[in-house]
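Worksheet: the structure to be examined is printed underneath.
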Amino acid sequence: MFITFEGPEGSGKSSQIALLADWLRPMKQDVLLTREPGGTAIGDRVRAILLDPACTEMEDAAEVLLYSAARAQHVGQVIRPHLARGGVVLCDRYADSTLAYQGYGRGLDLATLAVITAFATGGLRPDLVVFLDIDVAAGLRRKQLHADEDASQWNRFERETLAYHQRVRAGYLQMAAAEPGRWLLVDAAQSVEKVQAAVRQRVGAALGLSSPVGRDE
Ligand code: TMP
């Protein structure tokens, strides 16, 4: 099963995905926790370019193709082989981030992005997308409050305007509404425990695990 986590900045994806992995591992041995952009040595090098605040002159098309290049490497080298072994893949961001950030956020043509993404992934789509929804200003504030976050260190995306992030969030909400069976929408303003309980319930049901809620590692 291939599960991705999506959300605006500061939605708590990384903590939630780690908690889910901790919960699944004792039950399902073969859980791979990975992220985009990244997940491979090549992808991590592309990530450094993409997030570097100094790369202000990056063309929108170059941005899309760099994300897609990292994704093609990630899918071929890591995700598909793990799924082929019968493993569970938990991925922090995937192709829906490209639609949200480059499509809805930057205004690039969604149909073109879909074609590029299909080429990069060979058509691999997640079985479940967990969308952690948070008010954009609240999410950015959360990021800023985070102990090791210093706004002067923010990456190219965190530095974007509030209006940009609002378009990203609206895009996510539109995608979630279009495919309610494949998307789990969770209110990320709730406590970490409540968000995690909602995620475990849905993932546990999808994987056929018994009594998913309330069991702790
Ligand atoms: P992260 O902060 O969740 O690690 O994600 C890195 C940034 O990259 C985040 O601001 C969202 C952005 N991003 C895109 O714009 N398009 C993409 O396809 C992906 C995967 C991430």
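In each ligand, atom 1 is the first atom listed, and ligand 1 is the first ligand listed.
At a 4.0 Å cut-off, not a single heavy atom of Arg35 sits close enough to ligand 1 to count as contact. Using a 4.0 Å cutoff on heavy atoms, Leu50 does not count as a contact of ligand 1.
The ligand atoms of ligand 1 that sit less than 4.0 angstrom from a heavy atom of Leu51 are 6 (C), 7 (C), 8 (O). Close approach of ligand 1 to Thr98 (heavy-atom distance below 4.0 Å) involves ligand atoms 17 (C), 18 (O).
Residue contacts with ligand 1 for Glu63 are absent, since no atom lies close enough (heavy atoms, distance under 4.0 Å). Here Arg47 has side-chain heavy atoms under 4.0 Å from ligand 1, and that is the only part of it that gets that close.
Considering Phe131, Tyr104, Trp183 as possible partners of Leu173, the one that fulfils the side-chain contact (heavy atoms from CB on, under 4.5 Å) test is Phe131. The side-chain contact (heavy atoms from CB on, under 4.5 Å) test with Ile3 singles out one residue from Val129, Ile17, Leu90, Val89, and that residue is Leu90. In summary, of the residues considered (Arg142, Lys143, Arg169), a salt bridge (charged side-chain N to carboxylate O under 4.0 Å, His left out) with Glu9 occurs for Lys143 alone.
Between Asp92 and ligand 1, not a single N/O pair is under 3.5 Å apart.
Salt bridge annotation for Asp127-Arg182: absent, with no cationic side-chain nitrogen under 4.0 angstrom from a carboxylate oxygen. Electrostatic pairing of Arg47 and Glu36 does not count as a salt bridge here, judged by no charged N lying under 4.0 Å from a carboxylate O.
Taking the ring centre of Phe2 as origin, the terminal cationic atom of Arg125 falls outside the region bounded by 6.0 Å and 45° from the ring axis.
Tyr94 and Thr34 form no side-chain donor-acceptor contact under 3.5 Å, judged by distance and modelled atom types alone. No hydrogens or angles considered: nothing links the side chains of His74 and Arg71 as a donor-acceptor pair under 3.5 Å.
By heavy-atom distance, the residue among Tyr67, Tyr101, Tyr94 lying nearest atom 21 (C) of ligand 1 is Tyr67. With distances taken over non-hydrogen atoms, the option nearest atom 3 (O) of ligand 1 out of Gln102, Arg93, His74 is Arg93.
In this structure, atom 9 (C) of ligand 1 lies nearest to the protein heavy atom Glu9 OE2, 3.5 Å. Shortest contact from atom 2 (O) of ligand 1 to any protein heavy atom: Lys143 NZ, 3.9 Å.
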